[in-house]
Amino acid sequence: MNNYQAISDIELLHLAAQDDQTAFAELFNRYKVSIFQHAFLFYQDYDEVAFLRICP
């Protein structure tokens, strides 16, 4: 499948579990702000999560 943006999260999870890097990247891009926010809440330190390089 070429249009990963049209695929549901569940389907992307299944594809990513089968080592589909494009599916994983699509999931990451969809949720990168939430991932950063949760990491920041956990660490309470911007420098600890800056390695993610997805800062909004």
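Here, residue 1 is the first one in the sequence, and each next residue gets the next number.
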Got a second to check how far [X]'s [atom1] is from [Y]'s [atom2], nearest 0.5 Å?
X	Y	atom1	atom2	answer
Ile35	Lys32	CD1	NZ	10.0 Å
Asn29	Phe24	CG	CZ	10.0 Å
Leu12	Ile7	CG	CD1	5.0 Å

Taking side-chain hydrogen bond (donor to acceptor under 3.5 Å, both in side chains) as the test, write out the residues that go with Ser34, two or more places apart.
->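 Testing Ser34 for side-chain hydrogen bond (donor to acceptor under 3.5 Å, both in side chains), a comparison that skips the adjacent residues, returns none.
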Is there a path of hydrophobic side-chain contacts, each under 4.5 Å between heavy atoms of I, L, V, M, F, W or Y residues, that connects Tyr43 with Leu41?
->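 Tyr43 and Leu41: separate clusters.
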Quick check: does any side chain N or O of Gln18 sit under 3.5 Å from a backbone N or O of Leu15, one acting as donor and the other as acceptor?
->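 Absent.
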Work out which heavy atom in Ala23 is nearest to a heavy atom in Ala16; give both atom names and the distance.
->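 Scanning both residues, the minimum pair turns out to be CB-N, 3.9 Å.
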Among pairs that include at least one residue of residues 12-31, which meet salt bridge (charged side-chain N to carboxylate O under 4.0 Å, His left out), considering only residues two or more places apart or in two chains?
->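 For residues 12-31: Asp9-Arg30, Glu26-Arg30.
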